[in-house]
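Below is one structure, written out as structure tokens, with a few remarks after it.
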Amino acid sequence: MDLRYTEAEQEFRHELRSWLQSVLPDVPAEPGPNDWAARREYDTGWQKMLYEAGYAGINWPREYGGRGATPTEHLIFLEETEQAKAPYVGMNFVGLLHAGPTLVVEASDEQKAARLPGILKGDDVWCQGFSEPGAGSDLAALGCKAVRDGDQYVVSGQKIWTSFAHVADYCELLVRTDSDVAKHRGITWLILPMDSPGIDIRPLRTMEGQIEFAEMYLDEVRIPVDNRVGDENDGWRVAMTTLSFERGTAFVSEMLQTMELCRDLATFAERLGRWDDHGVRRDIGRIAAELDALWALTKRNISEATRTGLVGAGGSVFKLAYTDLRHRLGEVALHLLDRASLSQDDIGDLATGDHVQGRIHGLKMSIAAGTTQVQKNIIAERLLGLPKEPKWTSG
Amino acid sequence: MDLRYTEAEQEFRHELRSWLQSVLPDVPAEPGPNDWAARREYDTGWQKMLYEAGYAGINWPREYGGRGATPTEHLIFLEETEQAKAPYVGMNFVGLLHAGPTLVVEASDEQKAARLPGILKGDDVWCQGFSEPGAGSDLAALGCKAVRDGDQYVVSGQKIWTSFAHVADYCELLVRTDSDVAKHRGITWLILPMDSPGIDIRPLRTMEGQIEFAEMYLDEVRIPVDNRVGDENDGWRVAMTTLSFERGTAFVSEMLQTMELCRDLATFAERLGRWDDHGVRRDIGRIAAELDALWALTKRNISEATRTGLVGAGGSVFKLAYTDLRHRLGEVALHLLDRASLSQDDIGDLATGDHVQGRIHGLKMSIAAGTTQVQKNIIAERLLGLPKEPKWTSG
Amino acid sequence: MDFWLSDDERDLQEGIRSFVEGRFPLEEIAEREETEAVIDLDRWREIAEMGVFSLRVDGFDNRSAVVAFEELGRGLVPGPIVATHLTAGLIDGASEGSAVVTLLETDATATVLDHAGQATDVLRFVEGGAERLDPGSLSLAAIDRPLDTLTPVWRVDGDVESGTEIAGDADAMRLAGTLLTAAQLVGVAAGAVELATAYAKEREQFGRPIGAFQAVKHLLAEMYTKTDVARSAVYAAACALDGAADDDVDRAVSVAKLMAGEAALFGGKTGIQVHGGMGFTWEVHAQRFWKRAVSLDATFGTVDHHSMRMAEMIDVRSGA
Amino acid sequence: MDFWLSDDERDLQEGIRSFVEGRFPLEEIAEREETEAVIDLDRWREIAEMGVFSLRVDGFDNRSAVVAFEELGRGLVPGPIVATHLTAGLIDGASEGSAVVTLLETDATATVLDHAGQATDVLRFVEGGAERLDPGSLSLAAIDRPLDTLTPVWRVDGDVESGTEIAGDADAMRLAGTLLTAAQLVGVAAGAVELATAYAKEREQFGRPIGAFQAVKHLLAEMYTKTDVARSAVYAAACALDGAADDDVDRAVSVAKLMAGEAALFGGKTGIQVHGGMGFTWEVHAQRFWKRAVSLDATFGTVDHHSMRMAEMIDVRSGA
């Protein structure tokens, strides 16, 4: 075990840090949360800068235009960009971290040549059409139907949680091509060009009042069979391959922000005259300790990925512990905030709004990307070998 | 809603209080926990005193020798005896609160005449032979087998958690008389005289190192068919009728002790110089509040029982909340105790042992008399109408 | 002792419940979030006509009041109902629903006033009494994004000048206000359980209603349990305030507020969790219960505040 | 960066694990509870022969040490292993297993010394250093009922006289002691999960293994998670102590002890719960894990103690 960075890793860090220092002054101001055109411009603009400097697709293989960085270098990249307050991946998320990696492993050479460069260069924004109103935790129950008509699929159905749908160019879409087999077996993975006729996108407001997601309605949308990635009815496996691309770095930026939020809360308590309250100290001290421990776990997961290529269920362990921590941090914060907790905006000269929004974020974290209940099942079944859920036989 | 006691209730309280003041000086000193003969003497001696004063079987119907008190009077009885530090029900527990009430409702006139007076007078001690090593939460899975042989049942099998078995006169025993029907349907309720040949009792140590329970092995024990209560194979229903006797008073003495323990802990914190620690204050203040709330819930359950004759799933609500509270109280205590938590005996001049033993008690409370998991199922299914567990169909 | 709803209390409960369900359907309440005025003043007068504001002035006791306020909480009825009720008979129009009276509270962080935009009067507790302020006399800064859109808030800047003294026992008002807010919180907790339970029975995943999964069942059982324990505490405190119990009133009221705040906060967040992804959408009401729980928990003292008060009331025996 | 066990560390882990499983089966350990001497002195020497006490004196680093101590905790090996290890090379016989060195700690409640009956030497940290005491110099009162029968305890009465100064860096010793106790606690937590998991797979109720019930599965998943997070913290602190990380050593060690204590306490109590009624019987080992967790949590500082220390190390930015 060694937590020190190698010389090569340190060199990578220094180069990146210098580059960030040199270019960040040129990055424009971040647009407001609801100005989607401007946000696309901002996010893809940053992606173009990364591309030109050789940092685009940091974890992608070199042969597909990525940097081929190790998981540790990816960690360093995320640390440094966070520390420098560089833009986030934003709406390049699906392309860079989900659809792109899937294409790298599963797509045909033609498909790769056609689609990968656009993602890396920031030309194309992707969205994800996986979840449906009736298929959330049970994703394989999806019903969005695709019927083959010559060299096209005709797709009708509804998708939900489709972030950035209204500004995206492509969508990684899961459709049902066979309803007569076990549910995992009849799914197909398609590339949907978002300018296809028959797509209706409706904004979906979240509990903060923001429009972060969308619902996507498909009405006889025609998708060329050439846009299929993998075989017909083999889409579940194709969709799951992305998991093998996850190298334990999924929550790094988020964790670093939470560490900041925790320090902020201590400062806040101090300014309120509550830092002498030993209960508040222990609560915050303990959360700070757990964040350090989760940071260590992150490094263990990354080291495992470096050695084996996979994180395995360690990602669920992280997610479960981190989510629980966010809930507790949010609750400590709201109790300290007292009446200021009634506002998502700052009250007075302290950044109280961050803590209220942080509390809401915690509520989402235990649901999004696999609910707490799903994570516990994964840990119990995959890591501890406990029996699976029994099949449901009515009452 | 009115929490005031009626004049009749107040009068009952005052009479009882005077009686307690007059007799308690005559009660001998409590024997040590492991001297079972002396404990039997002590517990049954107290029961005889109650009997002579008309307080035996306080909640039993008058026609069977009880006092026919209302649930509220029962509450007052428990409050006053606790406050006066009178002896507990001790090993009369099963007879007075479980087997006796079952006999009252289900037994034949001959059985009642033969068995009930002995319980009330403190002549007979009963134990319970329900649980088995393979039938805990799933009690109906019990396998202790009874085969009819003329006018006797021949019983072989093993029982567990049989408190006071080695000093008891009778046992309320559940046996399997039919293995070919659904498990609830083939159970029979028998009165087992504990001097029957073929009974082997082995002490069962608990985690404190005390012998509080026993295992009972039955090897072709012959029980007259006349000792059967209810019909053959109807024993599950007979066993469940006791529930209708529970009037919400089950945890009253225990609750009052916990309130005392909580006040003790505050005093303890104060003497350690930790009462200025706001975190400790909030933790203990909150537990104290919850105890008050549970006391109110107890009174609601008792009032419900007075009106309807039943507590229903309100007992599970109480048990769940109370158990959780005991865990938290124990954890706050152990943290305050620091190194003193390594001892079940007092360290120094403070009653640290009570808190360590109290912590252990909490660990048992979430398992005994229906685990936390079972209580949650009851609440979810009976009070909220959620679907039952699916049947198990292997993997 | 008969700690169970009397027939009259039961009737009142049912009356308020059907009034709330009929006149304040959640869908309609949610629509008002998009407007400047979350309080529909016609409906506000209907609340007055139901006798809610004047309930205790009209001779009803605190036990009736908690039963009524629980139902108002359960239906997420918006507006400063408690403060308006407290000042019935003391501030013009409060009984009749022509006034909207809101409560000004200051804590270590700031002074955050809810419903200032529609308030006609402001109630403030001061050392040894209570006073009425004119909303116009306050330096108010609107907050764009309140946590609970149905509880719009303003920051109060600068010093607040003294208002007009209000007759009546300020301590009793404060206790009643704390108790009735606790009653609302119990209602919020109960509403959250009902919504989540209904969803768990209907929503299917993996071929069964999610309410058939033990994890979901157990979350709902915990919500129900906390709600019922808190309800017991609120009813007991009402008895204490009415002199229908021997318990210490201050203590009983702190217990009620603390337990109710905890039950509503837990129920609110857990209700969201049970709803899964839908739980954090705007259109689903689950989040509204949590937001209301946070707002009401921070009114008349948070869970933490009352935990400290409870500790102060523990009889710490002098070392023997 | 390679935060994964090296081949040497893996070999050491397996070596200690098979030594513990072979020489300290739980059944045999439990039998010694009935005797005056929970430490089998022959086995104690075998621990020495395995190189456990002299591990770091022999040139192994703290990373190797935590890997070894985790295994000792996992097997509930009794005795003051950490204190004896800390004094290897400093107190005669500690390296060789002919000495049994126990640690004297005083807190606000009392001075409670474990293993005094078999101890040959007592280690105490004092202002600016560490010293060796003779057990005979202490006024010891035996405790009849220790919490953990495998951790027998004595009350130390009156003032403790100064002992002989021990050479070496007392701060480094204390840090290493805290870290290795944390490593033992991670082992205790891991042992509790393993025992409960095995039981959940085998024990049937309602026609299925109890481990098929979501409630039980989820308890085990939580135990596993806390253990693995704590293990990460312990390994990270070992790296920090070895200079193989940039992290602050004091902070990393407090994080490790806090997280490990919490994981073991949670794992211990939850393991009992998973075992149901059998969990609180003497014969089932579940309770032994919880008891050891309590004992070790109260050695080198409880969870609460280290939470306070963490808070003191937070960089509270001066108000801007």
Side-chain angles (χ1 to χ4, degrees), chain A residues 131 133-138 140-141 160-161 183 204-211 213 268 271-274 279-280 327 330-331 334-348 350 352-353 356-357 359-360 362-364 366-368 371-373 376-377 389 391-395, chain C residues 33 105-114 141 143-149 151-155 157 203-210 212-213 215-216 219 265 268-269 272-273 275-284 286-288 290-291 294-295 297-299 301-305 307-308:
Chain A
S131 298
S137 290
D138 184 14
I160 196 170
W161 312 123
K183 60 187 179 179
L204 184 64
R205 273 172 94 184
T206 55
M207 63 181 285
E208 299 96 319
Q210 309 258 4
I211 294 162
F213 300 103
F268 182 67
R271 288 191 58 191
L272 284 182
R274 293 291 302 279
V280 171
H327 270 266
E331 288 179 356
L334 253 53
H335 277 134
L336 272 171
L337 259 58
D338 206 334
R339 296 279 299 167
S341 64
L342 271 70
S343 166
Q344 291 190 65
D345 292 331
D346 292 345
I347 295 287
L350 280 166
T352 58
V356 176
Q357 290 169 38
R359 176 68 193 102
I360 296 174
L363 290 168
K364 289 157 118 181
S366 54
I367 294 170
T371 65
T372 291
Q373 289 68 39
K376 288 181 186 170
N377 275 355
E389 290 294 308
K391 295 269 177 279
W392 172 249
T393 54
S394 87
Chain C
E33 287 172 337
E105 290 186 299
T106 296
D107 63 34
T109 324
T111 303
V112 175
L113 182 65
D114 52 70
I143 298 291
D144 283 341
R145 292 180 301 164
L147 174 70
D148 177 9
T149 322
T151 309
V153 288
W154 282 256
R155 197 181 68 233
D157 292 323
R203 167 79 170 172
E204 295 201 359
Q205 290 279 274
F206 303 102
R208 71 196 76 168
I210 61 168
F213 287 101
V216 172
L219 289 178
L265 288 168
K269 78 174 175 190
I272 292 172
Q273 183 72 25
H275 278 79
M278 296 313 294
F280 58 77
T281 62
W282 189 261
E283 63 181 289
V284 168
Q287 39 102 12
R288 293 189 173 84
W290 176 71
K291 289 173 175 175
V294 172
S295 301
D297 180 55
T299 304
T302 61
V303 169
D304 271 11
H305 172 82
S307 299
M308 275 302 286

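Labels below follow one simple rule: chain letters A, B, ... track the order of the sequence lines, proteins then strands, and each chain is numbered from 1.
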Under 4.5 Å from any heavy atom of chain A - which part of [X]:
X: C/Thr299; result: both
X: C/Asp114; result: both
X: C/Arg203; result: side chain
X: C/Leu219; result: side chain

Which answer fits A/Leu334, side chain, backbone, both or neither, if we ask what part of it has an atom under 4.5 Å from a heavy atom of chain C?
->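 Only the side chain of A/Leu334 comes within 4.5 Å of chain C.
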Contact part of A/Ala135 toward chain C, heavy-atom cut-off under 4.5 Å: side chain, backbone, both or neither?
->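 When you check distances to chain C, only backbone atoms of A/Ala135 fall under 4.5 Å.
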Sub-4.5 Å side-chain heavy-atom contact between C/Gln287 and A/Leu363 = no
Any side-chain to backbone donor/acceptor pair from [X] onto [Y]? Under 3.5 Å, distance only.
X: C/Gln273; Y: A/Ser366; answer: yes
X: A/Asp345; Y: C/Ile143; answer: no
X: A/Arg339; Y: C/Val112; answer: yes

N-O pairing of A/Lys183 and A/Asp138 below 4.0 Å =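 Result for this pair is yes, salt bridge flagged.
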Salt-bridge test for A/Arg359 and A/Glu331: reply yes if a basic N is under 4.0 Å from a carboxylate O, no otherwise.
-> yes
Apply ring pair (Phe, Tyr, Trp, His ring centres under 6.0 Å) to the pair C/Phe280 and A/Trp161, showing each step before the final yes or no.
-> CA-CA 11 Å; C/Phe280 58 77; A/Trp161 312 123; 5.4 Å; yes
Of all of [options], which one pairs up most often with chain A through heavy atoms under 4.5 Å apart?
options: C/Thr106, C/Leu265, C/Asp297, C/Ile272; answer: C/Ile272
options: C/Glu204, C/Glu283, C/Met278, C/Arg288; answer: C/Met278
options: C/Gly276, C/Pro152, C/Ala141; answer: C/Gly276

So which of A/Leu342, A/Leu272, A/Thr372, A/Ile160 has the largest heavy-atom pair count under 4.5 angstrom toward chain C?
->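 That would be A/Leu342.
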When heavy-atom pairs shorter than 4.5 Å are enumerated against chain C, which of A/Ala141, A/Gly353, A/Ser131, A/Ser137 gives the highest number?
-> A/Ser137
Would you kindly say whether A/Thr206 and A/Glu208 are connected by a side-chain donor-acceptor distance under 3.5 Å?
-> yes
